[in-house]
Amino acid sequence: MLSSLCEAHTTTAPKIYEYKNQNEWITSGKLGSRDAVLVFRTNILNPKTRKTLSETQSVQATDSESQKAPVPAAPAVDCQDETPLAVVPQSSSSNATLKGSAPRKIYVSVRNPLNCKLIEEPVNQNAIKKIHHHDLSSSDTSISSDGDESSQNNENNPRLRQKKMELDLNKESGYSSSMGDDVNSILNRSEEDPEISSEEDNECGTHMPAHKLKITYKFIQTETKLLRKIFNVHGLTEVQGESNFNLLWTGVHMKLDTLRHLSPYQRVNHFPRSYELTRKDRLYKNIERMQHLRGMRHFDIVPQSFILPLEYRDLLIAHNKYRGPWIVKPAASSRGRGIFIVNSPDQIPQDEQVLVSKYIVDPLCIDGHKCDLRVYVLVTSFDPLIVYLYEEGIVRLATVRYDRDADNLWNPCMHLCNYSINKYHSDYIRSSDAQDEDVGHKWTLSALLRHLKLQGCDTHLLMLNIEDLIIKAVLACAQTIISACRMFVPSSNNCFELYGFDILIDNALKPWLLEVNLSPSMGVDSPLDTKVKACLIADLLTCVGIPAYSPEMRSHLDSKWTRFRSTSCQRRTDSTDSNASKKSKKKGANSSANLTMEEQRILRNARLQYSRRGGFVRIFPTDDTMQRYGNFLDSANGIPISTPNVQGQTFQTLVMQHNYNQMLHSNLYCQDPRCTKEDNFQENRVKQYERALETDAEIPFVKKVIVPKCEEEGRKLRKQLLIKISNGSELTQFQARQTFSLYLESVLRRLTQEPKDSHEKIILKFLNKFGGAVKPPVLFRNAQTIKVISKARSAMVAKLLGDFLELYKRDTEAYVDSFDHFGMIPSSSYNEFLIHAQESDLEAVLTLHTNVTGIMPFLYNRCGLSVPPTPPIPCGLHGFLRALPAMVSSSGMPREISKYDGYFKNYDKDCENVQDNSIRSKSTRRF
Ligand code: ADP
């Protein structure tokens with residue numbers, strides 16, 4: 001039987017994207033072996049580099065000298081046990097690469113300090129300057145250069161300074177480069193720039209090993225453009241509605257049923273019960289429990305918080321001691337939605353369920369602007385615990401200079417650093433070059449560290465404290481997640497998760513954990529964002545490891561797995577399994593030889609994963625892990641214990657006695673000089689955080705092309721439409737909703753470009769009456785109370801309208817017309833109108849249509865008799881806008897869907913039903 005992959009390997013005809021060294025895209029083992037996984041790189045996102053890359057590889061494939069270059073396939077790892085799962089014949093050229101002839105001109109690491117020590121040969125510096133660490137391959141651990149140089153260069157880079165000065169000047173003069181053209185793009189692409197996969201991308205993908213291996217991915221409810229592009233260029237194929245995916249990427253919690261039926265080679269991007277970390281209220285309660293159990297001084301990592309209305313009395317007591325201000329957040333929301341700051345608890349409405357936290361009044365400021373951090377944390381296993389922190393993060397700055405004065409508490413663009421809020425401020429500056437890491441209102445973490453270091457701050461301690469905070473937060477929530485994994489996850493490699501940690505640093509450089517985001521946004525708004533996130537995703541996928549199995553290997557595994565599951569319903573941790581594996585213990589010279597089969601597998605996986613880590617820095621385990629955190633782990637089984645009554649009971653009685661954390665630590669950092677030791681020591685880690693992220697090829701950031709409207713055409717089509725409507729034709733729900741959202745987008749654009757006080761008030765009134773998920777913060781609800789016209793107020797109204805539009809447009813997708821209805825306007829001509837329509841055209845159509853039909857069903861997710869009648873809309877400029885608040889019937893007020901459901905409530909059911917609910921909510925949500 002010759003697999004399709006084998007056929008691919010025997011095809012030798014040179015093609016433009018035929019990457020001869022197919023095995024450069026496979027690491028951790030030979031193709032066909034148990035451990036082989038796909039490699040992801042950012043350089044092939046750039047079509048120009050792709051070309052060079054394929055050419056270079058072709059040249060090198062014929063260059064016998066370069067083939068002899070001794071670059072080991074995965075040097076840090078003992079790969080002897082590469083048990084082949086299927087025989088995959090190799091062509092002679094690919095055999096050469098299997099033996100480790102990585103084309104060094106391209107695949108070397110310049111940034112990874114951990115690899116520096118491994119350099120044994122002088123490396124051509126000119127080559128290195130062009131090359132970057134994301135070309136991770138099997139040579140990742142072999143070659144490096146002085147990455148400090150690049151960071152030094154950045155610090156002193158006169159071009160960057162000049163650029164910053166220019167931007168500062170622009171800012172002072174009130175001009176923002178971001179606003180003119182970017183507002184359009186914001187509106188059209190929400191946060192993300194759509195680097196839509198081109199045909200060239202897809203062509204590139206078809207020549208990649210993943211394509212030949214028919215590796216598939218599936219998306220569920222997620223923002224996917226950058227991810228999709230990365231998958232496509234690497235040759236992965238999207239599947240829908242099927243369960244035979246290789247990688248499932250969801251934006252929501254996993255269905256437990258999906259988890260239960262995973263095969264060992266399948267990967268999913270969430271652990272069960274991750275909400276223990278990612279819901280603000282649960283996270284706080286878990287950490288609070290650790291404060292009681294282990295002592296406040298160890299877990300003083302979150303601002304003191306209360307969940308209202310349940311803990312209102314406790315809040316009052318705390319307020320008497322500490323006085324305000326307090327920051328009020330809806331428990332299950334994100335992107336700054338619904339957040340406001342108060343001076344005293346009596347300003348907090350009692351009818352809402354919220355998390356109230358001590359407001360940190362003395363934040364770290366950059367040039368007077370408050371900032372916070374988004375860092376990316378990858379957990380690949382909870383037992384043993386394996387946690388990585390990505391070397392680069394994002395620093396978000398508030399647009400308005402920070403001022404503690406209580407009069408400014410209303411101003412979200414001063415107190416909140418969310419991009420989704422600040423992007424609407426006309427002073428917001430977006431860096432326009434991927435190299436500009438300390439320009440505008442979004443910096444990189446490494447740029448912040450270099451900036452702080454220049455000011456004499458102890459960045460070493462800061463980063464160690466950040467690592468400590470992350471580990472403690474994970475330890476506080478791990479116990480529940482581990483028990484869920486045992487119950488629902490069949491294989492220990494099935495799940496991984498990338499968390500977005502939001503951290504605020506105070507001016508004493510103490511980090512505070514604000515929240516942990518489930519599925520952190522992979523949307524990009526600038527070249528810098530694209531660079532960081534593309535590198536992050538590529539490194540994540542390589543590190544996690546998508547098994548490079550052919551369909552034949554997969555079906556072989558599937559049948560083996562089915563047989564195994566029918567004889568044993570419990571996974572690896574059950575006692576029978578462990579007894580069996582214990583029998584296979586071998587005696588040997590080093591400690592790893594005394595391990596059970598399961599322990600050997602865990603150790604081996606951890607080492608392989610570490611060798612593929614790219615820009616990820618492993619922060620747990622490290623050499624001093626047991627010294628620092630050993631006390632928080634159960635002494636018998638190594639599980640982080642966060643519930644007093646469980647200690648020494650549940651885990652020990654239900655589960656065999658193993659201590660994977662202890663085992664892993666002692667093997668990775670054993671004293672035996674014959675052991676290979678992991679080298680992620682403090683010094684190395686901190687150096688890595690401080691370095692600028694470098695890529696050898698620019699990662700394209702292409703703005704969406706906005707088709708120029710033809711005003712005349714718009715007017716002509718409008719006339720025709722108005723006649724049709726007067727003659728009795730009606731818009732479909734979908735057409736009406738599209739028109740309404742385009743109209744509001746146009747209003748939003750005006751609000752950000754030329755704010756009009758009266759229009760802001762109208763929009764606020766409309767949103768206030770509307771309610772729903774987009775509720776203005778309390779202090780903001782009465783448009784009259786904030787008299788001052790300011791850019792910040794415009795930004796806030798624009799943000800609220802933007803949130804509304806996002807949800808509205810998402811709901812609109814449910815109304816798509818699959819065919820033209822009798823008596824309705826044909827969709828082709830209507831689409832033509834929408835392309836060219838100006839705000840006034842849209843307004844005219846909406847006005848006439850609403851006046852003729854007497855109702856505005858498209859404002860709600862319902863139709864028929866339940867839609868309240870609409871008062872006549874006056875004609876004329878902005879007549880529709882002025883009438884908008886009156887169109888919302890106060891009796892038909894929609895209610896918030898994501899209601900707080902109490903933090904003690906069992907959440908599993910909800911998680912299982914997340915998808916069903918979200919589908920159902922489409923029809924029940926009232927807009
Ligand atoms: P969201 O999930 O809605 O983004 P966050 O908890 O991340 O909510 O908070 C949003 C913003 O509010 C953060 O960017 C931060 O600047 C600010 N913030 C949140 N909590 C505090 C706090 N306790 N003290 C000071 N600022 C805070």
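Each ligand, and each atom within it, is numbered from 1 in the order the structure gives.
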Below 4.0 angstrom from a heavy atom of His415, which ligand 1 atoms are there? Numbered from 1 as shown, please. 16 (O), 17 (C)
Quick one: does any side-chain atom of His441 pair with a main-chain N or O of Leu397 as donor and acceptor, under 3.5 Å? no
For atom 10 (C) of ligand 1, which candidate among Leu416, Leu514, Asn517, Asn418 holds the nearest heavy atom? Asn418
Which of the ligand 1 atoms, numbered from 1, are nearer than 4.0 Å to a heavy atom of Ile360: 22 (C), 24 (N), 25 (C)
Numbered atoms of ligand 1 (with element) below 4.0 Å of Lys370, judged on heavy atoms: 16 (O), 17 (C), 25 (C), 26 (N), 27 (C)
Could you list the residues that satisfy side-chain contact (heavy atoms from CB on, under 4.5 Å) with Ala795, not counting sequence neighbours? Cys413, Tyr424, His425
Residue, atom and distance of the protein heavy atom nearest atom 8 (O) of ligand 1 read Ile339 CD1, 3.3 Å
What atoms in ligand 1 come closer than 4.0 Å to a heavy atom of Lys280? 1 (P), 2 (O), 3 (O), 6 (O), 8 (O)
Measure the distance from atom 25 (C) of ligand 1 to every protein heavy atom, then report the residue, atom name and distance (to 0.1 Å) of the closest one. Tyr359 CE1, 3.2 Å
N or O contact, Ile327 vs ligand 1, cut-off under 3.5 Å: no
Decide whether an N or O pair under 3.5 Å exists between Lys329 and ligand 1. yes
To the nearest 0.5 Å, what is the distance between OG1 (Thr812) and CG (Leu807)? 10.5 Å
Parallel under 30°, tilted from 30 to 60°, perpendicular over 60°: which one fits the rings of Phe804 and Tyr808? parallel
Can you sort out the partners of Asn418 under side-chain contact (heavy atoms from CB on, under 4.5 Å), two or more places apart, ordered by chain and number? Leu416, Ser420, Ile421
Starting at CG of Leu373, measure out to CZ of Arg396 and round the result to the nearest 0.5 Å. 8.5 Å
Can you list the ligand 1 atoms lying under 4.0 Å from a non-hydrogen atom of Cys417? 14 (O), 16 (O)
Report, in ascending order of atom number, the atoms of ligand 1 lying under 4.0 Å from any heavy atom of Asp502. 7 (O)
Taking atom CG of Leu389 and atom CD1 of Ile619, what is their separation to the nearest 0.5 Å? 5.0 Å
Any sub-3.5 Å donor-acceptor pair from Arg374's side-chain atoms to Ile394's backbone N or O? no
Going by the order shown, which atoms of ligand 1 are within less than 4.0 Å of some heavy atom of Glu515? 1 (P), 2 (O), 4 (O), 5 (P), 7 (O), 8 (O)
Test item: Arg273 side-chain N/O and Ala478 main-chain N/O as donor-acceptor pair under 3.5 Å: no
With backbone taken as N, CA, C and O and side chain as the heavy atoms from C-beta onward, which portion of Lys358 lies under 4.0 Å from ligand 1: side chain, backbone, both, or neither? backbone
I want to confirm something. Looking only at heavy atoms, which of Leu355, Val302, Asp372, Ile503 is nearest to atom 15 (C) of ligand 1? Asp372
So, does His415 use its side chain to make a donor-acceptor pair with the main chain of Asn408 at under 3.5 Å? yes
List the closest protein heavy-atom neighbour of atom 3 (O) of ligand 1: residue, atom name, distance to the nearest 0.1 Å. Gly336 N, 2.6 Å
